[in-house]
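In what follows, a structure is listed as structure tokens, so that the remarks can point back to it.
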Protein chains: 2
Amino acid sequence: MTRTSDAPALAPSGTSGAGDDVTRVAVSTVIFTLRRVAGTDRVQVAIPLVRRTRDPHQGLWALPGGWLDIAEDLDGAASRTLAETTGLAPSYLEQLYAFGAVDRSPTRVVSIVYWALIRPDEIVDDVENVAWFDAADLPPLAFDHNGIVDYALWRLRNKVGYSRIAHGLLGDEFTLAELREVYESILGRRLDPANFRRQVENSGTLIPTDRFRTGSHRPARLYRDNQEAELADRGPLGGRH
Amino acid sequence: MTRTSDAPALAPSGTSGAGDDVTRVAVSTVIFTLRRVAGTDRVQVAIPLVRRTRDPHQGLWALPGGWLDIAEDLDGAASRTLAETTGLAPSYLEQLYAFGAVDRSPTRVVSIVYWALIRPDEIVDDVENVAWFDAADLPPLAFDHNGIVDYALWRLRNKVGYSRIAHGLLGDEFTLAELREVYESILGRRLDPANFRRQVENSGTLIPTDRFRTGSHRPARLYRDNQEAELADRGPLGGRH
DNA sequence: TCAAAAGTGTTAATTTTACACCCATGT
DNA sequence: ACATGGGTGTAAAATTAACACTTTTGA
């Protein structure tokens, strides 16, 4: 099944007789991952988009999403529509913003937008009508989705500064250099390896393992996420996805 | 007109024949202000609540709000429902979160919740069915509104740390002591007057006037908000209310 | 043995914190 | 004149930033 959020040609699935005079609720997600650029040593932020197969905006790329079911929480709708359209099940999923401008779609649609992080090993490729794009160089998207991605990128850059979400883009075990590369590609600037090491070690968010990543030069110690660490991240909403 | 958000006895206003099998969109707002506690020198965070005049939860206090109109932006709906229920027109209004748990109301309601700051001189009192409460000591509220207020308080405390929103709780001109009192009451701890002065002066968010607040002891210089200052606050959404 | 990345040490610069102290006004 | 909050000065402490240097491996 291939769907994108916002205004398909039909009424919301599973409801009876709701006409064009009601506001419908859609759920979409901006999914971030990191991708090594072929032939270079650069890493870029990439997001999956879904090609629309019906009007409005048929043929354009759009954020994955779909309609909110009547018996489904918002978080659940985000997870479900994501799985249905892209086959992905992100390790990190958080609500971003509710977009509801009257003219953002031909019919009235309020989109609850989520943003998600996904690890390279979780990526499912070769899904029909799904393609991955460089987040910094997107084509014109359907609806107001370009602006939504911009806002999600802003939130990602912001949050990476005071939270430990960057771990959500890596596998279970990773080296400090790999973690640093995540920060560098999101923030768009180089970080001092020595200072980065100390900051992240003192933050208590990492647990050193006794395993090492070998293969290149001197082996680098592998670390994993410290689940015990305070997140103080989303306040009273808490929630783990 | 007195309305609170979430599930009145009737269908959404202005729509035709939408039954109980659709998801409806409501908009509510958590409005913060500061209130001097009578007889003390303490200041507390206060919020206005509206008493529900119909089921569900008739008689309980609830956040001001109402249904989203089909031809109305989310921000507009927040402003409108706020004015209708409380007569208030906040100087600062920002989207907080979309709440959509299936069981948060007898019928399916997704609430887009805003939070707002209001200056003491903007307060309209003696509105029917509206009362102001100490945010730290609320009665049981309708729906999931207690949890919503908790989350809004968490956001307020967080944001006051890296933004200059505290100005939104004061009049056009204010002394540094008044501004410091705002921070102290939100953060719940004392701040060093000398250090507070330097931090806020160096931030460039204030413009000193040549007027002084007289009446007590040594007159204190009055400052006003610097509109030019970077807010870097809401990213690509920008927006001024 | 040499290049390159891992990891440690050291110091300067900056920011935060604590608190002593002077200033100006109403009473 | 004096109590009180307004306002300035200063130095210790903590954090951040810059960079030299040592270690360990693959080639």
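Sequence lines set the chain letters: A, B, ... in the order given, protein chains first and strands last, and positions in each chain run from 1.
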From CZ of Phe196(B) over to P of dT16(C), roughly how many Å is that when rounded to an integer? 14 Å
Glu201(B) atom CD is separated from dG7(D) atom P, nearest whole Å, by 9 Å
Integer-rounded Å distance: dG26(C) P and Arg213(B) CZ: 15 Å
Measuring from the side chain of Pro219(A) (C-beta onward, heavy atoms only), which nucleotide among dT25(D), dA6(C), dG26(C) has the closest atom? dT25(D)
Could you tell me the separation between the CZ atom of Arg198(B) and the C1' atom of dT8(D), rounded to a whole number of Å? 7 Å
What nucleotide, of dA18(C), dG7(D), dT4(D), holds the atom closest to the side chain of His217(B)? dT4(D)
I need the CG-P distance between Asn195(A) and dA18(D), as an integer number of Å. 8 Å
Examine the side chains of Ser111(B) and Arg104(B) and answer whether a donor and an acceptor come within less than 3.5 Å of each other. yes
By the 4.0 Å heavy-atom rule, please label Ala177(A) as base, sugar-phosphate, or nothing. sugar-phosphate
Atom CZ of Phe212(A) and atom P of dT23(D) are separated, to the nearest Å, by 16 Å
Nearest-angstrom distance from the residue atom CG of Leu222(A) to C1' of dA6(C): 13 Å
Rounding to an integer number of Å, can you tell me how far Gln199(B) CD sits from dA18(C) C1'? 13 Å
Classify the angle between the aromatic ring planes of Phe174(B) and His167(B) as parallel (below 30°), tilted (30 to 60°) or perpendicular (above 60°). tilted
Can you check whether Arg218(A) has a side-chain N or O nearer than 4.0 Å to OP1 or OP2 of dT23(D)? no
Can you see if the side chain of Thr175(B) gets near the phosphate of dG6(D) - specifically, an N or O under 4.0 Å from OP1 or OP2? no
Side chains of Glu94(B) and Tyr92(B): donor-acceptor distance under 3.5 Å anywhere? yes
Distance alone, cut at 3.5 Å: any donor-acceptor contact between the side chains of Arg198(B) and Asn195(B)? yes
